[in-house]
Q: 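One structure, pasted below without further comment.
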Amino acid sequence: MSIVYQPQDQTFRLQTQHTSYCMRVGRGGHLLHLYYGSRIGEGDLAALYPPADVGFSPSYYAGRFERVLSPDLLPQEYTGCNVGDFRLGCVSVTDGAGARGADFIYVSHRIVSGKYALAGLPASHDEDGEAETLTVRLQDPVTGLTLELLYAVFAQQDVITRAARLVNEGRGPLWLDKAASACLDLPFGCWDLIHFHGRHAMERQMERTPLADAIQTVSSTRGASSHHHNPFVILCDRETTEESGDCCGIMPVYSGSFRTDVEVTQTGLTRLVTGIHEEGFRWLLQPGETFTAPEVILAYTGRGLGALSRVFHGFVRRNVCRGPWRFARRPVLINNWEATYFDFDADKIVRIAEKAAGLGVEMLVLDDGWFGRRSDDNSSLGDWQVNTDKLPGGLDPLIARIHALGMKFGLWVEPEMVSEDSDLYRAHPDWALTLPGRRPAMGRNQLVLDLARPEVVDYITGWMTALLRDHAIDYIKWDMNRNMSDVYSRALPPERQGETTHRYMLGLYSLLERLTQSFPDVLFEGCAGGGGRFDAGMLCYFPQIWCSDDTDAIERLTIQHGTSFGYPVSAVGAHVSACPNHQTGRTTPLDTRAVVAMSGTFGYELDLNRLSDAECGAVRSQIARFKRWAGLIGGGAYFRLVPPQGGYFTAWQFAAPDGGETLLNLVVTHPQANPRPIHLRLRGLRPDASYRVDELVFAGCSGAAEARRESGAAALSGGVFSGSLLMNAGLTLPQLFGDYPAVQLHLTLADEAEGREERA
Ligand code: GLA
């Protein structure tokens with residue numbers, strides 16, 4: 001039993017392997033938070049919160065003479081509104097009289113095995129039947145608004161998920177101007193906030209800031225989780241490092257506008273409230289109607305940021321991603337975008353595919369420009385008929401030629417958008433989000449279709465279903481290339497306009513649910529101008545997301561590093577592209593680009609016909625290496641050894657879950673004249689086992705540096721080291737010079753390597 005209720009003091013205890021989450025029903029019936037942290041034993045947690053009388057923190061009415069119990073001081077599971085808790089609130093509820101208020105009092109609870117589901121919203125799943133669910137039902141006696149707090153405990157994985165449902169069980173309409181998913185109170189401690197900010201082509205830059213006695217906000221009002229602030233955040237103790245210390249990850253399962261506020265309050269309590277962004281949000285809840293706030297995934301560890309990331313990697317891969325692709329190695333792909341942009345025809349695509357197939361690439365992805373009259377990004381979104389000038393005879397002859405090469409075929413689409421210059425917009429101008437009487441702001445000269453309208457969702461479902469049913473398409477890249485402005489739905493009445501952006505998300509999720517259920521074998525890759533919608537909501541439908549439009553290997557190091565805090569490598573779309581790089585103009589060695597792209601789904605985005613024979617040979621061995629190591633990379637434990645923060649080099653490592661093999665990756669980002677030795681201690685190995693260096697790849701070293709490298713490498717190649725030596729004494733690599741050299745070093749258990757040699 002991972003959820004225990006003690007009736008004598010109305011206490012709930014949620015236990016995972018290494019964590020405990022505790023709460024209780026307080027004297028007045030409020031659900032009070034007691035503790036979330038490393039696993040603890042018995043004892044009265046209420047003793048942590050001795051009664052206190054604090055000026056200007058009002059008492060609950062029933063305790064008005066004692067003056068020691070205040071809604072403004074006690075840790076809460078989910079706040080009411082306008083009833084004496086002046087800290088961050090979870091809801092804003094207004095009734096027909098204009099009275100804004102809600103105070104949720106415990107009614108009942110239920111503990112069941114299995115995981116709750118959320119109607120219309122993506123959520124983590126429990127296919128393996130390991131979860132238990134607690135539902136606590138509370139009610140505001142005045143409005144009749146019922147709050148259901150849902151908690152699912154994944155004990156083995158150290159994960160707890162939360163969600164909230166608001167049901168109008170009263171007699172009149174209610175307006176929700178805010179309806180958060182969860183409140184997390186950390187009553188003691190000194191916390192830092194880690195968040196992942198950025199911009200287009202520079203997503204998820206990790207930033208760690210000490211919490212001030214103030215409110216800090218991470219949010220998006222863009223109608224997408226955004227390039228600018230990822231919804232995943234971490235609170236960690238000021239002393240926490242990669243290897244040790246307390247930290248808590250908070251991952252909303254939502255892809256639209258969101259807001260996470262963190263407040264340090266007068267008692268030192270840190271409160272985090274997360275949910276749909278309230279700007280422009282107003283939801284009319286009629287009697288009998290339910291509003292469901294999106295799920296939040298929580299994990300806590302006392303073992304540092306690396307351990308926290310590994311919990312999220314396992315959980316996202318196993319319990320967020322769905323379908324046959326979640327654990328499978330993804331095909332090595334070639335995408336024509338940076339190779340041709342809009343300038344292609346069938347023969348050109350086939351020439352790219354032929355070359356790629358010969359080198360071991362397994363799938364050709366035809367990117368933007370195959371439909372309507374689209375020869376640049378100004379027109380045709382919405383007109384999803386094949387451009388037969390570019391592809392004579394349509395998609396099928398091209399698909400047949402690609403399949404004849406033994407390759408899979410993938411296709412780019414951007415279904416949520418419409419170009420002003422399109423037949424679809426001319427036929428249905430009211431299907432786009434625009435404000436009455438105003439010219440809309442244009443992003444990439446396109447508009448957002450109003451997915452709050454069921455007929456628009458049906459329309460997209462219709463043509464996407466026909467596309468996937470009528471053509472042998474193995475993969476879809478689902479793009480979304482502008483943010484939402486001019487938000488107004490022509491289909492909603494004035495009093496429901498505040499529902500538009502969330503109804504859009506519900507429309508999108510229902511569309512994705514229908515398509516992914518109907519075509520379970522199709523591999524979907526999400527994209528939003530790169531990683532502008534890289535979140536757990538999308539990962540419920542798409543097991544991988546194009547990480548960034550920046551394909552520069554060196555920039556990708558920081559982008560992929562930030563991404564790695566919450567999301568597994570198997571979700572990170574990453575490609576080798578041409579040099580000079582199209583986004584930064586930088587030139588990096590081909591093998592270095594491959595080292596970086598291999599820490600992702602791996603593919604190429606250039607015309608391989610333009611490479612020399614030697615470079616093609618390198619590509620062939622990169623692909624062979626990736627195929628050999630894909631299980632380790634996708635399913636292994638990920639260790640950030642040296643972060644890409646302006647030093648000489650950055651390094652990261654994969655270790656098999658059983659410690660049976662490991663891959664060390666290293667890129668020199670700032671070459672130095674007289675660098676200190678590169679010394680690294682490995683992680684995740686079996687201390688008593690012996691490991692042999694069975695592959696050592698150096699990329700981008702030349703000249704005199706090459707000779708020095710070779711002598712250093714000789715000391716390593718074929719060397720046998722114990723796990724305890726590698727993890728404690730560590731390894732020293734030869735000095736590396738040149739423009740962005742890289743190293744990959746693979747070790748296997750020595751007796752297995754010997755066994756393999758003998759078998760060969
Ligand atoms: C977005 C994507 C790119 C490419 C283009 C096509 O920017 O992120 O990878 O597909 O659209 O227009």
Side-chain angles (χ1 to χ4, degrees), residues 198-204 222 224-228 230 255 330 333-344 348-349 352 363-384 387 390-391 409-422 442-448 473 475-484 523-535 538 542 544-553 555-556 559-560 563 571-578 581-584 593 597 600-607:
R199 52 194 185 272
H200 176 234
M202 186 50 102
E203 298 88 337
R204 291 175 296 289
R222 294 169 174 269
S225 48
S226 88
H227 303 84
H228 304 75
N230 195 265
S255 318
R330 317 291 156 68
L333 66 81
I334 178 113
N335 178 304
N336 74 303
W337 177 242
E338 287 197 20
T340 67
Y341 295 103
F342 292 101
D343 179 19
F344 64 82
K348 200 169 185 179
I349 296 298
I352 291 173
M363 178 161 75
L364 178 283
V365 176
L366 179 60
D367 211 280
D368 194 357
W370 57 270
F371 52 91
R373 290 175 296 99
R374 190 143 164 110
S375 50
D376 57 33
D377 56 10
N378 282 308
S379 80
S380 301
L381 293 173
D383 298 344
W384 297 100
N387 180 332
K390 288 185 183 178
L391 307 179
F409 177 81
L411 194 64
W412 178 98
V413 292
E414 195 179 353
E416 299 161 66
M417 299 289 155
V418 65
S419 301
E420 203 176 24
D421 180 7
S422 67
M442 299 300 280
R444 225 190 185 202
N445 207 19
Q446 63 195 52
L447 295 165
V448 182
I473 295 170
Y475 157 110
I476 287 286
K477 177 175 172 186
W478 184 293
D479 213 338
M480 194 281 287
N481 277 315
R482 69 156 289 175
N483 288 140
M484 226 181 261
L523 171 60
F524 283 85
E525 176 157 353
C527 179
R533 208 163 52 181
F534 202 116
D535 55 68
M538 297 315 282
F542 304 155
Q544 61 190 62
I545 298 174
W546 181 227
C547 186
S548 177
D549 273 349
D550 189 345
T551 57
D552 176 285
E555 294 301 290
R556 271 295 185 116
I559 298 169
Q560 293 179 194
T563 308
V572 172
H575 300 165
V576 172
S577 62
N581 178 267
H582 292 196
Q583 292 80 41
T584 62
R593 284 173 260 159
T601 55
F602 198 53
Y604 291 81
E605 191 160 331
L606 73 171
D607 186 350

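From a predicted model like this one, the values you see are computed outputs, not experimental measurements. Indexing begins at 1, ligand by ligand and atom by atom, following the structure's order. Note that the numbering runs from 1 along the sequence shown for the chain.
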Q: Assign the ring pair W337 / F342 to parallel, tilted or perpendicular, where the plane angle (0 to 90°) is split at 30° and 60°.
A: perpendicular
Q: Checking side-chain hydrogen bond (donor to acceptor under 3.5 Å, both in side chains) between H228 and each of R222, E203, R199, which is the one that passes?
A: R222
Q: Using a distance-only test with no angle check, is there a side-chain donor-acceptor pair under 3.5 angstrom linking T551 and E605?
A: no
Q: Salt bridge or not between D383 and R373? Use side-chain N to carboxylate O under 4.0 Å.
A: no
Q: For ligand 1, list the protein residues that place a heavy atom within a distance below 4.0 Å of one of its atoms, sorted by chain and number.
A: W337, D367, D368, W412, R444, K477, D479, N481, C527, G529, G530, W546, D549
Q: So E555 and N581, side chain to side chain contact (heavy atoms under 4.5 Å, CB included) or not? Walk me through it.
A: CA-CA 11 Å; E555 294 301 290; N581 178 267; over 6 Å; no
Q: Once the angle between the rings of F542 and W478 is folded into 0 to 90°, is it parallel (under 30°), tilted (30 to 60°) or perpendicular (over 60°)?
A: tilted
